[in-house]
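What follows is a short report on a single structure.
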Amino acid sequence: MTAATETTNKKRLSGIIDFLSKWGTIITIFVLLAFFSIAMPSFRTPSNMVTIMRSISIVTVIATGITVSLTVDGFDLSVGSVATFTVALVMSFFVWYGWGTLPAIIVSLLIALIVAVVNSFLIVKLHIFDLLATLATMFIFEGVAMTYTGGGSISQGMPRLDGTPTTGAIPAGFRLVGQSPYIIIIMLVIVMLVHVFLSYTKHGRYLYIVGGNREAARLSGIPVNRYRTLAYFLSALLAGMGGIMLAARIGSAQINAGAGYLMPAVAAAFIGFSVAGVKKPNAIGTLVGAVLVGLLENGLIMMSVPYYSLNIIKGLVLAIALAITYYRKHD
Amino acid sequence: MEAKHRLEMKRISIEFPGVKALDNVNFNVKSGEIHALVGANGAGKSTLMKILGGAYGHYVGDIFFDGTKVDIRNPHDAKELGIDVVYQEVDIALIPYLSVAENIMLDKMANEMKGKHFIRWGNIHRSAREILKQVGIDLDTHTLVQDLSLAEKQMVLIARALATNTNFLVLDEPTAPLSQTETEELFRLMRDLAENQDVGVVFISHRLPEIFEVCETITILRDGQVVADATIDDMTQQKLVELMLGRRFEETYPKIRVPIGDVIFEVKNLIEEAGRVRNVSFSVRSGEIVGMTGLVGAGKTELCKTLFGAYPIKSGEVLLHGKSLTMRSPHAAVSQGVALVPEERRKEGILVDEPVFINLTLPSLDKFTRGPDFVNTRAERTIARQVIDELGIVTPSADQKVAYLSGGNQQKVAVGKWLIADAEIYIFDEPTKGVDVGAKRDIFELIGKLAKQGKGIIYASSEIPEILDISDRIYVMYDYAIVKEFETAEATEEEILFYSAGGQ
Ligand SMILES: Nc1ncnc2c1ncn2[C@@H]1O[C@H](COP(=O)(O)OP(=O)(O)OP(=O)(O)O)[C@@H](O)[C@H]1O
Ligand SMILES: [Mg+2]
């Protein structure tokens, strides 16, 4: 009978692992909420909750971009640079050229898609590994943004590098994009749109199928390369939107403004895999992942953990998220 | 003569979510015999053998080795007892980017390298060559496994099993990808192992004549239960089929005669870029089933794939209804009305991690959208359930992951997905590989129905009797080219074999 009890034990154990990998993220969020609230009464104030949501908005949007690239079994490391590049573009349009909000945003996003063109060319046409190709473009466009701005920063009233004075202003309407509640609403709308696109449309279905088994997808008549390209365009577009929100938030272009968002965005997207047992990259899960990362960061800062030590914790969270994702993948 | 070893599985039961795969199964095998395990698709054959091989630890029941109770819960336990299982899904057991030698010596390297750190490559290749010689195939041990054909991969797996001490060898549908000569060669090896090395061999196959040719004892499973345990002399093919299907069954397939129309599909001087199709010309008429035969390796699969746009063409023309097709990609082929059921289902035909219904609707998803490309999963499931019924796919629901279906049922999914997509030309590449006699007939009937609707059908298979049963006209391939055309009514198996072997 030992064998039988051993099997039931094993069953129970795998049941527990199963449960944890499905709901672990959500449970952790509540545990963290409880812990921080008890430790610091000020943590639970509504205004701090809003602060957390506002602080994760940009990460979440950039992370949805990574999520889309993950659906085709790809990986877009260049999202941080796309964000930086977009910030530089949109600020230059305002400050250097005095454009209005809408044209500045639209043209910036369009130009940012050049990154997607390069990415998909490297990956789909030249068959370079996704991770390596986007590592290259990450550096390229970080450099492009710096070169374009002449050092990295642009702010209202600051002369251009060659000394020409600038007269353009950042429209007040644009600044609103970076304020709560608007920034939070925008983030939620984007997450919903991406969720609907991935889960309910033909194209979303195809993206996942391409990621699942490229050869079977191809032999089912799916234009595989077109969908891989689409994934990189969407991830660049979403990262670009993150950049717009970032520009509105800080009101200027800074050196490598988007770089810091890469790591938490990757963590959020991977944590999102396992949320509620979806076992696939998905937008809602990514949002939950971003909440977890944001909560942790906010709570730790409030507990006066120095910012330079935060990376230790963030890195650990990423490692745990990856562990859960890949551990489950094995059976 | 007393057998060297006895292996007894007693009252084995196992469940998966929604499926009771085995129910109180008793299975005995002893050294020196070749024991057949037969049953319809989904009967539980592979599951029983996976338990024996230690792949599933959560069964109930007991296993005895030479009368002593043993506990097999993982592959290592099975190996210790000298039990080796060559699974149906050969691809998942091999490491594609390693050489033949490394794959063969994998278990040995893993188990006997304790305390050693340097690999002696000379030894590895020498040992691998010796085992290959015993297995009776001629393979360069330096070749990468990813460059092998399915048949060769199979052999590598058998060789790997033999590299370590083997008391019992389980072969789960080993002959499915093999040609006749390769099958003969395998049988020779099985007999040699049983007679001269006292190995107990368990053999699973859906080709019943093979069972009678090579096995001595037989166990028949139906719906997870043993329905018969006999010596082969007490069994007839008719009785076997009826026991395994649980109903009367007429084995010969009566071809459905349909009026044959004009030529709808024409291939002119087709040449593939890498020479995998050499100047092939042929035609298919509406309602016609064209058999494409030849030995394994004659280039049938390559032709099928080229016709489907999956391989690049160098020159030549493909016409459908007199209109020249653009042959850029499978996507183009599908949208122009060409469908292909590919040979290697796990790699090419199905998505194992997706549910049945998503697999079935994949090539025709456009039919299930509304609004701006929103997928209507209700409609998808409805159609999927229809196809599941029509083909008798054994699955608890349309939402079951395909990975959890039995091998033959996976094949039915690979066929079923093209029925929903309305194509004009259907290309089937070995579609009955691994399906049971009942299901094979279902697939034949289905193909017959397509012909009746006036579709053109290309049926590629190295099983000549099957081709003779189902086709109207036959092309024989040899060395990537068509060498002979027959009207099926006038063809004989001998003649086809003659041209398949390169006869002129
Ligand atoms: N891992 C699993 N999870 C869920 N169901 C499973 C799993 N493995 C097998 N089954 C189910 O158990 C039953 C027996 O499957 P099995 O693979 O043993 O059939 P089989 O006799 O080998 O068939 P075939 O001839 O088609 O290979 C099937 O209904 C199958 O769907
Ligand atoms: Mg099987």
Side-chain angles (χ1 to χ4, degrees), chain A residues 1-15 18 71-73 124 192-193 195-230 234 273 277-281 325 328-331, chain B residues 14 56-63 69 71-73 304-305 308-310 328-336 338-342 344-354 358-359 361-377 380 402-403 414 417-418 421 423:
Chain A
M1 274 301 88
T2 44
T5 44
E6 203 176 285
T7 4
T8 46
N9 275 346
K10 235 185 214 165
K11 235 185 211 168
R12 200 168 302 148
L13 183 68
S14 82
D18 213 54
T71 60
V72 291
D73 196 26
V124 176
M192 278 326 291
L193 286 177
H195 172 68
V196 167
F197 180 78
L198 289 180
S199 305
Y200 298 107
T201 71
K202 175 180 103 175
H203 309 292
R205 168 83 58 88
Y206 283 171
L207 289 172
Y208 283 119
I209 298 288
V210 168
N213 181 341
R214 203 178 293 160
E215 189 57 13
R218 190 170 86 96
L219 292 179
S220 297
I222 297 174
V224 168
N225 288 342
R226 217 179 289 168
Y227 275 94
R228 291 176 77 201
T229 307
L230 173 70
L234 287 177
F273 260 64
V278 182
K279 293 185 195 162
K280 281 178 183 169
T325 304
R328 288 300 309 169
K329 264 198 171 172
H330 269 288
D331 49 30
Chain B
I14 190 170
Y56 292 137
H58 67 282
Y59 63 93
V60 291
D62 300 315
I63 302 176
K69 194 169 148 192
D71 198 28
I72 301 181
R73 296 288 163 182
C304 292
K305 284 200 168 167
F308 192 59
R328 254 191 343 266
S329 64
H331 175 63
V334 172
S335 51
Q336 290 169 109
V338 182
L340 167 74
V341 177
E344 292 196 40
R345 67 165 171 267
R346 280 188 79 88
K347 243 168 59 193
E348 310 176 325
I350 48 169
L351 296 136
V352 287
D353 289 328
E354 299 293 337
I358 286 191
N359 270 277
T361 55
L362 191 57
S364 46
L365 201 54
D366 279 328
K367 290 191 189 171
F368 305 95
T369 52
R370 54 180 175 202
D373 288 342
F374 283 105
V375 179
N376 180 354
T377 47
E380 279 187 277
V402 170
K417 68 191 234 189
W418 293 106

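In what follows, chains are A, B, ... by sequence order, proteins preceding strands, each numbered from 1.
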Begin from the C-alpha positions of L365(B) and Y206(A) and carry the test side chain to side chain contact (heavy atoms under 4.5 Å, CB included) through to its verdict.
CA-CA 9 Å; L365(B) 201 54; Y206(A) 283 171; 3.5 Å; yes
R218(A) vs E348(B), side chain to side chain contact (heavy atoms under 4.5 Å, CB included): CA-CA, chis, key distance, verdict:
CA-CA 8 Å; R218(A) 190 170 86 96; E348(B) 310 176 325; over 6 Å; no
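Across all their heavy atoms, A216(A) and I350(B) have their closest contact at CB-O, 3.8 Å. Of all non-hydrogen atoms in V196(A) and F374(B), the two that sit nearest each other are CG1-CE2, 3.4 Å. Between G221(A) and H331(B) the shortest heavy-atom distance is O-ND1, 2.7 Å. Scanning both residues, L351(B) and G212(A), for their nearest heavy atoms gives CD2-C, 4.5 Å. Nearest heavy-atom pair across V375(B) and K202(A) is CG2-N, 3.3 Å.
With rounding to the nearest 0.5 Å, the separation of CG in N213(A) from NZ in K347(B) is 10.0 Å. Taking CG of L340(B) as the reference point, atom CG of L219(A) lies at 6.5 Å (rounded to 0.5 Å).
Residue contact with chain B, scored on non-hydrogen atoms closer than 4.5 Å, is absent for F197(A). R214(A) does not touch chain B: none of its heavy atoms, backbone or side chain, sits under 4.5 Å away. Neither the backbone nor the side chain of A333(B) comes within less than 4.5 Å of any heavy atom in chain A. Of the atoms belonging to E380(B), it is side-chain heavy atoms, and not backbone ones, that fall under 4.5 Å from chain A. Of the two parts of I358(B), the backbone and the side chain both hold a non-hydrogen atom closer than 4.5 Å to a non-hydrogen atom of chain A. Proximity to chain A is limited to the side chain of T369(B), based on heavy atoms less than 4.5 angstrom apart.
Checked for salt-bridge contact, R205(A) and E354(B) miss the test: no charged N lies under 4.0 Å from a carboxylate O.
Note on V338(B), V352(B), D366(B): by heavy-atom pairs under 4.5 Å with chain A, the leading option is D366(B). When each of V334(B), T377(B), D373(B) is scored by its heavy-atom pairs under 4.5 Å with chain A, the top score falls to D373(B).
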